[in-house]
Undergrad: 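Quick one: the structure is below, and I'll ask about it shortly.
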Amino acid sequence: MATTAPIRSDVDEILPGVIADRRHLHQHPELAFEEHETAKFVAERLRQLGVEDIRTGVGGTGVTGLIHGRKGPGKVVLLRADMDALPIQEENEVDYASTVPGKMHACGHDAHTAMLLGTARVLMQRREEFAGTVKLLFQPAEEVPPGGAIAMIRDGALEDPHVDAVLGLHVAADMPAGQIGVREGPGSAGSDRFRVTIQGKGGHAARPQSAIDPVVIAAQIVLALQTLVSRETDPMQAAVVSTTAILAGEAFNVIPDTAELRGTVRTLSPEVRARMQERLPALVEGVARAMGAEAQVEYILGYPGIVNDPAMVAIVRQAAIEVAGEENVVVNELGMGGEDFAYFSLERPGCFFRVGTRNEARGIVWGHHHPRFDVEEEGMVNGMATMAQAAIAYLNGARGA
Ligand code: NI
C-alpha cells in the first residue's frame, strides 16, 4: 500500500460523482421495503463498476455484490449501507430537495448508499492491493422494525461466501464534518416496546367500592415501572423505561372498565435487556393482581443493541487516523437510539462508526428525522476513505490491537 497514493486522494477525485448520486437519491426517496427504484439504481451502478455476483431482491429490496481482491483468496468483509427514507415533508429549499410529497431522506441513508457506491469504486480500483473479498450490502428498511437487516440475514446475506466481519457507518448531524467517531462495546440501544392492558371493573365514580378502578392501578404501574431502573438495574448499567401513552376513560363520573399503557424500554447490554423482558411483565401483573385487577402485557422486541468488537474498532480507528488525522477521530458518545446494524454485529465481529456531516457555517445543523435535516457532503470523504482503508487493512491481515 505504501507504493500507491493515499486512499483519501482517490476519494477526493470521485467526490463529485458521489455527490451527484446522493442528490439523485435525495430527490427520489422511497420508504422502508419500497426501495425498488433505489435498488435498481444501486444494481446498475454496481454493474457499471464491474462488481461481481450482483444479487437483487435479497430480503425484500436488498442488493449485494462482490469485489474479489487480486492477491488471492482470503477473508470476506461485509460493508453495509441502508437505503430507506422517511415519511416526512422536506422543508429544505435546495435544488436537490425531495420531489416526492411527504417523503424525505431525513436520516442520511441517501448519503450512506452513495458513499458505499463510492467506496466500491475505490476498492475496484485497488483490487491488486488486497486478498479475499469485499461483500457490498445495500439493505432496505432500517427505519421500520423488524427491519431489512434481519430480512437479508434470513435470506442468506451472511453466507455464500461466508462473511467473517462486518462494517457499517452512519452520518452524524451533531458531529462536525471532518470528524469520525468510533467506540468499543455498545453502539446503540436495544429498543423494545410494551403494551399493558388492565382489566378492571367499571362503575359509577361516586361508588368506587363497587368498581375496580383501572386508572388508579395504571398510575401505580407507571410508578412501579420506574423501579425497574432505579431499584433493580446495576447503577453502572444503563436502561430507560418510558411510559409514553395512557389511554383510559372519557367521562367525569364514570370509572372505566379498562386502561391501556404503552411505552418503550432501552438497554445497552443483552443481559439487562433479557432481565427487563422478564421483569416488566411480572411487575405489571403483580401490581394489577394486588389491586384486584388483571393485566395483560405484550412485550414487543425491537432491534437489539449494536456490539462493537474491540479488534474491529481498532482497525477502523487506525484507518480513520490515517484518513483524517488523530485529532479528528473521537470516541462516540453513547446514545439510546436503535439501529438494525445490530443484527450484523451480533452475528459477526463488527464496527459501526459515525461520520460527521454537520456544518454550522452553512446552516447544516438540524437533527436526524427533522424536515430540515441535511448533510455536509464534504464529510462523506472521511466515511468512504475510512471504510475502504479499514476493509483493505482487515483483508490484508490487520487484526486490531
Ligand atoms: Ni438512520
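All ligand and atom numbering here is 1-based and tracks the order in the structure.
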Undergrad: If you draw a 6.0 Å radius around CD in Glu93, do more than 12 non-hydrogen atoms from other residues or ligands fall strictly inside?
TA: no
Undergrad: Assess whether a salt bridge exists between Arg275 and Glu278, defined as any Lys/Arg side-chain N lying under 4.0 Å from an Asp/Glu carboxylate O.
TA: no
Undergrad: Of the options Thr264, Leu225, Val265, which is the one that meets Ser242 in a side-chain contact (heavy atoms from CB on, under 4.5 Å)?
TA: Thr264
Undergrad: From the Ni ion (ligand 1) out to just under 2.8 Å, does an N/O/S atom of Cys107 turn up?
TA: yes
Undergrad: Considering only NZ, NE, NH1 and NH2 on the basic side and carboxylate oxygens on the acidic side, decide whether Arg126 and Asp10 come within less than 4.0 Å.
TA: yes
Undergrad: Considering only N, O or S atoms, which atom of His170 is nearest to the Ni ion (ligand 1)?
TA: NE2
Undergrad: Please find out if the Ni ion (ligand 1) and some N, O or S atom of His112 are separated by less than 2.8 Å.
TA: no
